[in-house]
Enquirer: 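One structure, as structure tokens, below. Some questions next.
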Amino acid sequence: MTEERNTEQELNSQTEEETVEEVFAENEASENTEEMPAQDPMEQKVAELEGKLEEADNRYLRLQADFDNFRRRSRIELEASAKYRAQSIISDLLPAIDNFERALKMDVDNEQAKSLKQGVEMVYRSLLDALKNEGVEVIEAVGKEFDPHLHQAVMQSEDENFGPNIVVEEFQKGYMLKDRIIRPAMVKVNQ
């Protein structure tokens, strides 16, 4: 019997301890909820709308920056297009100019051939003037130092009259349109 009493007392003390622990746990939980005030649904809605507004503002600023960049790129492309508008026609005319130069190098004997050569020379000069008005310049080559951006070396020679890496002879003229190379000069370079 004493054993039964001891067992009952132990059970009672355990249930009392568990009850006390439950009460403390409930008190702590209620204290935690008191520390964090419950948000009003209106406050939640305001916070949500403020977040959406901030997101929309950021999106608007990004779109505005993208549009400004697009406008700047378009302006630059338009300026480049206007600056180099004649590039393709000039490239197409260069072989004709080369042919005029070859024709003008020919020696003529009779009067008819001389007058024909004068006519060819006048057409050649008017073509060069038209190209010059568009901003085309002939690339100087003979006697200049070889520049791979301006010259295309097709031969090398050993000439004591010229220094090393100097252009000795020009086989085909090179041309520039403003600051862009249309065709590099085809040259022979001294070693």
Enquirer: Hey, could you give me the NZ/CD distance between Lys178 and Gln87, rounded to the nearest 0.5 Å?
Expert: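 Reported to 0.5 Å precision, the distance equals 10.5 Å.
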Enquirer: Are Arg59 and Asp66 ion-paired here, with the side-chain N under 4.0 Å from a carboxylate O?
Expert: no
Enquirer: To the nearest 0.5 angstrom, please state how far the CD1 atom of Ile97 sits from the CD1 atom of Ile90.
Expert: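 The distance works out to 8.5 Å.
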Enquirer: Grouping I, L, V, M, F, W and Y whenever their side-chain heavy atoms are under 4.5 Å apart, do Val189 and Ile166 come out in a common cluster?
Expert: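 Per the 4.5 Å side-chain linkage, Val189 and Ile166 are not co-clustered.
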Enquirer: Begin from the C-alpha positions of Leu49 and Lys45 and carry the test side chain to side chain contact (heavy atoms under 4.5 Å, CB included) through to its verdict.
Expert: CA-CA 6 Å; Leu49 290 174; Lys45 186 71 171 175; 4.2 Å; yes
Enquirer: Between CD1 of Ile89 and CG of Leu94, what distance do you get to the nearest 0.5 Å?
Expert: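 Interatomic distance, Ile89 CD1 to Leu94 CG, rounded to 0.5 Å: 10.5 Å.
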Enquirer: Check each of Leu131, Leu177, Val136 against Ile182 using the side-chain contact (heavy atoms from CB on, under 4.5 Å) test, and report the only one that passes.
Expert: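 So the option named by the test is Leu177.
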Enquirer: Taking salt bridge (charged side-chain N to carboxylate O under 4.0 Å, His left out) as the definition, give me every residue that meets it alongside Glu48, ordered by chain and number, with sequence neighbours left out.
Expert: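 Checked Glu48 against salt bridge (charged side-chain N to carboxylate O under 4.0 Å, His left out); matches are Lys52.
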Enquirer: Taking salt bridge (charged side-chain N to carboxylate O under 4.0 Å, His left out) as the test, write out the residues that go with Asp159, two or more places apart.
Expert: none
Enquirer: Within this structure, what is the CD1-CD distance for the pair Ile181 and Gln152, rounded to the nearest 0.5 Å?
Expert: 12.0 Å
Enquirer: Looking at Arg183 and Asp98, what are the two nearest heavy atoms and their distance?
Expert: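 Looking at all heavy atoms of both residues, the shortest contact is NH1-OD2, 2.8 Å.
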Enquirer: Does the pair Asp129 and Lys132 meet the rule for a salt bridge (charged side-chain N to carboxylate O under 4.0 Å, His left out), with working shown?
Expert: CA-CA 5 Å; Asp129 288 342; Lys132 190 174 186 177; over 6 Å; no
Enquirer: Around atom CD of Glu79, are there more than 12 heavy atoms from other residues, nucleotides or ligands closer than 6.0 Å?
Expert: yes
Enquirer: Are Phe100 and Leu128 grouped together when hydrophobic residues (ILVMFWY) are joined by side-chain heavy atoms under 4.5 angstrom apart?
Expert: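 Yes; tracing contacts between hydrophobic side chains, which count when under 4.5 Å, links both residues.
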Enquirer: Got a sec, which residues hit salt bridge (charged side-chain N to carboxylate O under 4.0 Å, His left out) with Asp179, two or more places apart in sequence or on another chain?
Expert: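 Testing Asp179 for salt bridge (charged side-chain N to carboxylate O under 4.0 Å, His left out), a comparison that skips the adjacent residues, returns Lys83.
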Enquirer: Minimum heavy-atom separation for Val167 and Phe146, please, with both atom names.
Expert: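 Result for this residue pair: CG2-CA, 4.1 Å.
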Enquirer: Are Val142 and Leu150 in one and the same hydrophobic cluster, where Ile, Leu, Val, Met, Phe, Trp and Tyr link if side-chain heavy atoms are under 4.5 Å apart?
Expert: no
Enquirer: Decide yes or no on side-chain hydrogen bond (donor to acceptor under 3.5 Å, both in side chains) for Asn190 and Glu158, but give the supporting numbers first.
Expert: CA-CA 5 Å; Asn190 195 31; Glu158 292 186 23; over 6 Å; no
Enquirer: How far apart are the C-alpha atoms of Arg85 and Glu134, what are their side-chain angles, what is the distance that settles it, and do they pass the salt bridge (charged side-chain N to carboxylate O under 4.0 Å, His left out) test?
Expert: CA-CA 9 Å; Arg85 73 185 183 284; Glu134 284 296 321; 3.3 Å; yes
Enquirer: May I have the step-by-step check of side-chain hydrogen bond (donor to acceptor under 3.5 Å, both in side chains) for Glu101 and Tyr124, ending in yes or no?
Expert: CA-CA 8 Å; Glu101 289 173 353; Tyr124 172 72; 2.7 Å; yes
Enquirer: Starting from Leu104, can I reach Val123 by hopping between I/L/V/M/F/W/Y residues whose side chains sit under 4.5 Å apart?
Expert: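 Both belong to a single hydrophobic cluster.
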Enquirer: Determine the minimum heavy-atom distance between Gln191 and Gln156, stating which atoms define it.
Expert: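 Closest pair (atom of Gln191, atom of Gln156, distance): NE2-OE1, 2.7 Å.
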Enquirer: Closest approach of Tyr175 and Ile139, non-hydrogen atoms and distance?
Expert: N-CD1, 3.7 Å
Enquirer: Locate the shortest heavy-atom distance separating Ala141 from His151; write the atom from each residue and the value.
Expert: CA-NE2, 3.7 Å
Enquirer: Rounded at 0.5 Å granularity, tell me how far CD1 in Ile76 sits from OG in Ser81.
Expert: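 That separation rounds to 13.5 Å.
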Enquirer: Do Asp57 and Glu54 come within less than 4.5 Å of each other through their side chains, counting heavy atoms only?
Expert: no
Enquirer: Mind checking the CD-CZ spacing from Glu77 to Arg73? Nearest 0.5 Å is all I need.
Expert: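 With rounding to 0.5 Å, CD (Glu77) is 7.5 Å from CZ (Arg73).
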Enquirer: Are there over 12 heavy-atom neighbours, none belonging to Arg75, within less than 6.0 Å of that residue's CZ?
Expert: yes
Enquirer: What are the two closest heavy atoms between Lys117 and Val108, and how far apart are they?
Expert: CD-CG2, 4.2 Å
Enquirer: When you group the ILVMFWY residues by side-chain heavy-atom contacts below 4.5 Å and let the links chain together, are Met186 and Met155 in the same group?
Expert: yes
